[in-house]
Every structure is written in structure tokens, then in C-alpha cells.
Amino acid sequence: MEMFAGLLVSALLLGCTYTLIAVGFSLFFGVMDVVVFCCGDIAIFGAFSIMGAYVVLMSAGLFNTLPFIVCVALLLLIGALFCATLGLVAYRFSIKPFSHSSELMPLLSTIALGTVIKEVLGLMFMPAVNASASAFGGEAALKVVSGRNPQGFPELLFPNGGVNLRYVTIICVTVLLLLLLFIFLNKTKMGLSMQAVSQNKELSMMTGINVSRTIVVTFIIGGVMLAIGGFLVGSYQKIMSFDNGAMYGAKGFSAAVVGGLRNTWGAVIGGMLLAFVEVFVAGYVANGAAYAGVVAFVVVVIFIIFKPEGIIGEKTVEKV
Amino acid sequence: MSDESAILSIRGLDTSYGRIPMLRDVNIEVLRGQVCCVLGANGAGKTTLVKAILNIVKADKGSMSMSGEDISTWPTHRRVQAGIALSASAAGSFQKMSVDTNLKMGAYYIKDTKLLEERLAEIYRSFPVLRERLQQKAGTLSGGERTMLAIARAVINKPRLLILDEPSLGLAPIMVEEVFNIVKQLALQQMSILLVEQNAVKALSVASTGYVIQKGAIVFCGSVQDLAKSEFMDNPVM
């Protein structure tokens, strides 16, 4: 029973990290009908920019002068800013130029952009806080490591509160963020426009919705979601590598497909399902950790074959 | 004709899809408070014309003005904001949204919530069918109901110019009758309407001026009385 509870918590945590990335996929797919394959890399970029900003804030001594929570908020803001910018870059330079060409083009160009982001992270991210140094209060031992080495993610969620508090925070942050997104999508004019553009782009234009502005806002919001997703991935895994993006991208995309690509809540359910399959296979099957990823992707394949519209994706057939 | 009496005037409009020319030198005037119809067969360029008026299809050449004001360079949302409302049943609906939300999306530029409530109440009075379906997802409506929704979504704005793109499309005769009764009522309220139709007999029964479009060019322009006598009416359903 104790093992079961432990697995349940792990699955929930992993699900939270997948979910936010999957939400990014589904938001972008909704407004552009394009799978933006660099979502994972954008999220990891967010995590790395938080790590970089942490080092800068640390060496500037801000952590000693400002309250800890303000510093964390500042870091999150910086990460969100970076990812929102990157989201816009992805839209402007690797999706919009191809909006009139074959669907394959933006697909390839976003994969290319993902590779660029990944390699830039590997090249550029040099200074790092020694992972073994205590993050809060202690001496921040600055050292320079190659960006291609795994980096320690700073402990920003209750560094003194122990591991459970951190886990609870990860889950709470995810739930809060999804709640905010839900309110935004259903109660604000911009949120409703996003849904409208996703459901019927031509009619949206006819109703006078500023479609291009709506798309831009979607990419900003998606970028922010990915940034916080990356932050949670970092807080959960504690060690980050510049090439984590591909794996998280694949998981996030799979989660979005399993849930129903166009549906934001599908992305949440898909993320959780995938995480539960992975964690429980690893926990209960002998030598399961080696197969966990395989089984998760087999689930995806089964969904694509038998229920391609996803768990709560509706078939888009209009009654005539 | 002076520009002042025309709510919309289109001059020398050319459009194309890629390299294929669609509309050639189209001139159309819609007079204030009148119903103007554009008749044409499938593929004649009716829907292209309608989309060009809203700048959803880009014009290659030509100019467009609304009450004398040049709108040629305006983006789509600005034209809608200025009072051009398009109801195209072929464009469908926001399927996963309720009828109520669909109407509210139509009234995108009505910021005043009180005014919006009033307009919604008005709409439900003139479209009782929609009132019964208030919370139903738009994707589950019948063809006639969806046409009603498309018209209501445009009318809720009290537009300066209402464009109806084939309101009779795919409807049973009894529903066509009902839809045209609504158009007649709107005409009685002095709404300026551009009615784009295939069903010539029905269109002529409500319009005062008429155009015929063939292969992307206007081939007839005049009063409906002249149009009714012309050779174009030999085949009334174009």
C-alpha cells in the first residue's frame, strides 16, 4: 500500500510536468492547425533561463536583500518572458512564413527550430551553480561547466521545507495554472476568441475577431505555460540537460494526442494517463523501469489506431 | 450615383486565387436602406465577392468605399467593426459553443453588457427557434436552425450593411420560405442588405436592384423589374 501511494504521487508529479507541455501543444495546434514540435525545447529553454537568471540574481546578491518568494516570482517572470518571446519567434519565423504552403513545412521548420534551441543551450549555457552547494543561505559556489553537461536546477520551492512540501507545491501550481487557464479561455473575450479561432477560423474572421492578434496572444500564453512547465520539470527532476526538450516534447505531444489534440482538457487527461502508465509499469513490472517509456508510447500507438480523435476530442463532423 | 447614397460601392474589383483570376472588374453599389441582390450560379464568384468585401480574400485591384469613406486598405476586423456584417451559412458555426455563446461571438464589438443583453433579447424575440436551443451546442443544430443562427449572429450587431451569402443554401422549401420572411422583415426595417443568391425567384421577391455575376464578371446591372424580364431569368435557379 505504501508503495502504491508513493507511485501515485510520482505519477501525479510526472503528470503535472507532462500536462503543461501538452497544454502548450494543444493551444498552438488549436489556433494554427500545426503541431509545433519545439514545445519541449521551449520549455527546457525556460528552465535554463530560470537557472541562468538564478545565477545572475545570486551573484548580484539579490537573494540576500529581497524576500525569497519575491526572487522566485522574479525568476518565474524572467522564464515566462523568455518563453513567450521564443513562442513568438517560433510563430513569426517558423510557422507564419509557411502558412500558405504544405502542412509539412511548419512541421519541419519547428523541428529545426527545436534543434537550434537545443544546440544554443548546449553552447551558451556555461556558468552554473554547483549543484552540491546549498541553494538557500549557503555560499553559491559558482563554477563554469560546459553547457552540454547536466546542470543542477536550483531549489526554489521551499528549499527548507523538505521534499513533500515541494511535491505538494508542484501539484498545486499546476492545478492553479490550469484553473487560471480555464477561466481565461471561458470567461474573457480573448479566451473565447482563441476558442473561436480554433473551431472555425474563417467564421472568426467574418465575426470580426482580430485573428492574427489572437494567434499572437495564444503563442504568448502557450509560451508562459511552457515556461512554468519547464520550471516544474526542473524542480521535479533537479538535474537538467540541454537535450531534455526532445523527450519532454515527445511526451507532451503524445499526451496531447491521447487526450485529443484540440482539447486543452484532453491534454491534461492525456498527460496524467501517460505518466500513470509509465510510473506504474516501472513500479510493478519486473525490471519495468526499462520498459516504462516503451509502454507509454505503445499506449499512444493504440490510441492513434483505435481512437485517433483522442479521449475527449470530438469527431469534427458537422450535421448537414 | 453619388457616393453619399451608397452604403457600399465597389469599383473595378479584381481578385484571384493564386494565379487563377476569379473576379474581373466588378462594380457594385448597394444603396442605403435597400436590398440589392447578386445572382449567380455555383462557381460564378459570389462567395469570393463576399469575402473580398470583408478583405478575407485580398483584392488585386479596385477600390471599395463605405458611405463615401475609402475602406480599401482596412483589415477584416476593422471593416466588421465599421458595420459590415456577413452571414454565410456555408461558413458553419462555432460548433462546440452554445447557441448563446455563438451569438455573443457575433456581437464581438458590443462592449456594453446591458446593450448586449437587450440585443440578445431582441434576437430571441425574432428568432424563437434559437431561444429553444439557447444552451445547445451549435454543432447539433439542424440545417434551418443553423441558417437562422448565421443570420442572427450578423443581425445582432444592427449592421450598417448586412451581407447574406446564400441563405437558402441546402434548405427545404418550407425553410427557404421562413428565411426569406426574415429577410423581408429586415428590409422593412430599412436595413441595407446585399443578398447573394442562387435562388433568383426568391431573391427578386425581396430586392430592389439586381446584379448577375457569371464567371467572375458582372453581366447585368439594373432594377429587379428589368432583371425579371431579362434573358437571365430563363433559368430561374441559376
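Chain A is the first sequence line, chain B the second, and so forth, proteins listed ahead of strands; every chain is numbered from 1.
- Contact of B/K51 with chain A is made through the side chain alone, with heavy-atom distances under 4.5 Å.
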Evaluate the side-chain hydrogen bond (donor to acceptor under 3.5 Å, both in side chains) criterion for residues A/Y18 and A/E278: first the C-alpha distance (whole Å), next the side-chain angles of each, then the deciding distance (0.1 Å), finally the verdict.
CA-CA 12 Å; A/Y18 290 170; A/E278 251 180 69; 3.1 Å; yes
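- Only the side chain of B/R153 comes within contact range of chain A, judged by heavy atoms closer than 4.5 Å.
- Listed by first then second residue, pairs satisfying ring-ring contact (aromatic ring centres under 6.0 Å, His included) with a partner in residues 172-221 of chain A read A/F28-A/F219, A/Y91-A/F219, A/F182-A/W265, not counting sequence neighbours.
- A heavy-atom distance below 4.5 Å is found between the side chains of A/L76 and A/F231.
- With a threshold of 4.5 angstrom between heavy atoms, A/S204 approaches chain B through its backbone and through its side chain.
- Interface remark: B/A154 contributes no atoms to any contact with chain A (heavy atom separation under 4.5 Å).
- Neither the backbone nor the side chain of A/S198 comes within less than 4.5 Å of any heavy atom of chain B.
- Using a 4.5 Å heavy-atom threshold, the side chains of A/V35 and A/L261 count as touching.
- For chain A, no part of B/S87 is nearby; none of its heavy atoms comes within less than 4.5 Å.
- If you check the side chains of B/S65 and B/S9, you find a donor sitting under 3.5 Å from an acceptor.
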